Amino acid sequence: MSYAQDNTPKYSNEFLSLGVGAKAFAMGGAQSAIVSDVSASYWNPAGLLQVESNQQLMLMHAVYFDGIANYDFGAMAFSLPDSSRLAFSLIRFSIDDIPDTRYLFDANGAINYDNISFFAASDYAGWISYAKRLERLGGVDLGANIKVIHRLVGSFSQAWGFGLDLGAQKKIRRWGLGLTARDVFGTFNAWSHNPEEFRDVFQQTGNDVPVNSIEITLPTWVLGVSRVFPLTSAFDLLVTADFRTTFDGKRNALFRTNLVSVEPVVGMEVAYKQQFLLRLGTGQFQQVEQLDGSLNWNTMFGGGLGVRLSDFTLDYALTDFSINEVGLYTHVFSVKIDFHEKAN
């Protein structure tokens with residue numbers, strides 16, 4: 001399989017690569033084979049069929065880079081009469097209150113701080129997910145996302161994009177298999193700019209005035225595998241791994257060629273009666289250049305806890321978002337609420 005790479009950015013719509021849910025962050029993002037709640041709308045839409053309640057709501061909040069950026073996720077899943085599942089999801093990643101200093105100097109060349117205004121750079125993604133089990137294929141769960149992307153940079157630029165994700169899951173005793181195809185046909189963002197907002201400043205500083213353009217996000221395939229190990233009558237150990245394959249050329253990944261790159265992520269969860277959970281994960285193995293010019297392999301680590309109380313679940317993760325030796329750690333919280341239909 002090959003994809004056209006000419007004039008295609010290697011990193012596009014990167015806010016959609018961050019992940020959702022504190023559980024997933026704590027496990028390094030290894031979710032394709034195990035995801036079983038409404039966050040499956042992001043990780044693998046086929047996993048929506050593992051939701052046991054009639055409806056399920058998830059909300060997540062994280063703050064990046066010491067409060068500079070806010071990252072929020074919300075999703076709701078619904079059961080349908082034919083035992084299939086439907087979900088609606090929304091992501092917002094935003095850097096707010098960015099100073100606009102274009103008019104810091106007035107007509108006389110003096111600094112006037114009253115001329116500073118503020119704007120936000122915000123990325124939004126909303127999508128509809130559907131999942132259904134196909135008994136004719138041996139009980140394989142299949143799912144799909146149709147997503148819409150909207151990106152705003154103040155009044156300067158905006159983009160609209162559309163894409164499609166596909167997913168499959170299969171449980172075989174204590175084993176789990178998952179396959180997710182993100183941006184399966186490529187996700188297209190159409191950028192439009194308002195050159196009157198910055199033409200004069202860009203020309204004075206020697207920058208090119210941007211023109212309207214199409215940005216393409218190439219597909220990513222994720223193969224996941226998991227295994228549950230019963231430890232005692234009360235404790236279980238879940239081990240899972242995802243192998244993310246990109247088709248946009250050589251990346252700084254553990255396995256890479258001139259055509260594809262493969263990034264493994266590994267996670268584990270120790271559960272006590274499925275009510276109290278301890279999680280660890282690692283991924284994003286990358287080579288980092290040191291001060292002496294040598295290259296060292298670094299990775300990102302995550303960890304967290306989960307507590308389930310009846311129909312309410314609280315998850316927490318402490319995650320490293322930097323591959324440097326001194327990382328930038330972020331606290332991630334998510335809550336999940338299950339709703340059941342009352343018996344007549």
Side-chain angles (χ1 to χ4, degrees), residues 16 18-25 29 31-62 71-93 124-137 139-150 161-171 176-184 187 222 224 274-275 277 306-315 332-344:
L16 286 178
L18 297 175
V20 301
K23 173 184 176 179
F25 280 111
Q31 294 290 296
S32 183
I34 67 168
V35 64
S36 58
D37 57 28
V38 68
S39 69
S41 65
Y42 173 91
W43 296 105
N44 183 343
L48 290 170
L49 292 172
Q50 303 300 318
V51 178
E52 297 179 354
S53 57
N54 297 104
Q55 293 90 33
Q56 188 178 84
L57 171 69
M58 176 180 284
L59 299 173
M60 184 206 77
H61 176 70
Y71 184 43
D72 298 288
F73 168 74
M76 188 79 180
F78 304 86
S79 61
L80 299 179
D82 61 352
S83 299
S84 60
R85 287 277 174 174
L86 183 68
F88 300 91
S89 309
L90 179 66
I91 280 177
R92 179 182 185 267
F93 184 88
Y124 299 87
W127 61 97
I128 300 174
S129 308
Y130 179 77
K132 185 174 179 60
R133 177 167 297 169
L134 293 185
E135 299 294 347
R136 289 178 295 179
L137 295 180
V140 174
D141 296 340
L142 299 179
N145 296 332
I146 298 176
K147 57 189 177 185
V148 179
I149 299 163
H150 186 42
F162 302 90
L164 175 69
D165 305 329
L166 300 175
Q169 265 190 359
K170 175 67 176 177
K171 304 296 182 184
L177 299 174
L179 178 63
T180 309
R182 297 177 183 163
D183 309 301
V184 62
T187 293
V222 184
Q274 295 301 316
Q275 291 181 315
L277 308 110
V307 179
R308 295 174 181 168
L309 302 173
S310 184
D311 294 329
F312 178 83
T313 303
L314 174 64
D315 292 312
V332 182
F333 293 90
S334 62
V335 295
K336 185 170 59 183
I337 303 174
D338 291 286
F339 303 91
H340 302 272
E341 290 183 358
K342 295 182 179 179
N344 294 328

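Model, not experiment: these values are computed from the prediction.
In this structure, CG in N44 is found 10.0 Å from CD in Q50, a value given to the nearest 0.5 Å. Atom CZ in F339 sits 9.5 Å away from atom CD in Q56 (nearest 0.5 Å). The CD atom of Q55 sits 5.5 Å away from atom CE of M76, with the distance rounded to the nearest 0.5 Å. Rounding to the nearest 0.5 Å places CG of D72 at 10.5 Å from CZ of F93. Note that the CD1 atom of I149 and the CZ atom of F162 stand 9.0 Å from one another [nearest 0.5 Å]. Here the CG-CG distance, from L48 to L142, works out to 12.5 Å after rounding to the nearest 0.5 Å.
No donor-acceptor pair under 3.5 Å is formed between the side chain of R85 and the backbone N or O of A77. For the pair S334 (side chain) and A22 (backbone), a donor-acceptor distance under 3.5 Å is present. The backbone N or O of L16 sits less than 3.5 Å from a side-chain atom of Y42, completing a donor-acceptor pair. No donor-acceptor pair closer than 3.5 Å links the side chain of Q169 to the backbone N or O of D141.
Of all non-hydrogen atoms in G167 and P45, the two that sit nearest each other are N-CG, 4.0 Å. Contact detail for L277 and Q275: the closest heavy-atom pair is CD1-O, 4.0 Å. Here the closest non-hydrogen pair linking A33 and G178 is CB-N, 3.7 Å. Taking all atoms of both residues into account, the shortest heavy-atom contact from T180 to S32 is OG1-OG, 3.0 Å. Here the shortest heavy-atom pairing between G47 and A40 reads C-CB, 3.6 Å. Minimum interatomic distance between V20 and I91 (heavy atoms only, all atoms of both residues): CG1-CD1, 3.7 Å.
Every residue two or more places apart in sequence or in another chain that forms a side-chain hydrogen bond (donor to acceptor under 3.5 Å, both in side chains) with Y130 is listed here: S84. For K147, the side-chain hydrogen bond (donor to acceptor under 3.5 Å, both in side chains) partners two or more places apart in sequence, or in a different chain, are D165, D183. Taking the side chain to side chain contact (heavy atoms under 4.5 Å, CB included) definition, one finds that L59 meets it with L57, V335, sequence neighbours left out. Contacts of S53 classified as side-chain hydrogen bond (donor to acceptor under 3.5 Å, both in side chains), with partners at least two apart in sequence or in another chain: D338. Residues meeting the side-chain hydrogen bond (donor to acceptor under 3.5 Å, both in side chains) test with S129, sequence neighbours left out: N145.
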Legend entry - side chain to side chain contact (heavy atoms under 4.5 Å, CB included) between R92 and Y124, worked out: CA-CA 5 Å; R92 179 182 185 267; Y124 299 87; 3.2 Å; yes
Inset, instruction - Could you walk me through whether K336 and D315 pass the salt bridge (charged side-chain N to carboxylate O under 4.0 Å, His left out) test, one step at a time? - result: CA-CA 8 Å; K336 185 170 59 183; D315 292 312; 5.1 Å; no
Inset, instruction - Go through V332 and M60 one step at a time and tell me if the side chain to side chain contact (heavy atoms under 4.5 Å, CB included) criterion holds. - result: CA-CA 7 Å; V332 182; M60 184 206 77; 3.9 Å; yes
Inset, instruction - Would you sort out whether L134 and V140 count as a side chain to side chain contact (heavy atoms under 4.5 Å, CB included), showing the intermediate values? - result: CA-CA 6 Å; L134 293 185; V140 174; 5.5 Å; no
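Counted within 6.0 Å of CD1 on I146, heavy atoms from surrounding residues, nucleotides or ligands total 12 or fewer; the atom is thus considered open.
Residue pairs meeting the salt bridge (charged side-chain N to carboxylate O under 4.0 Å, His left out) criterion with at least one partner in residues 43-53, sequence neighbours excluded, are absent.
W43 places a side-chain heavy atom less than 4.5 Å from the side chain of R182.
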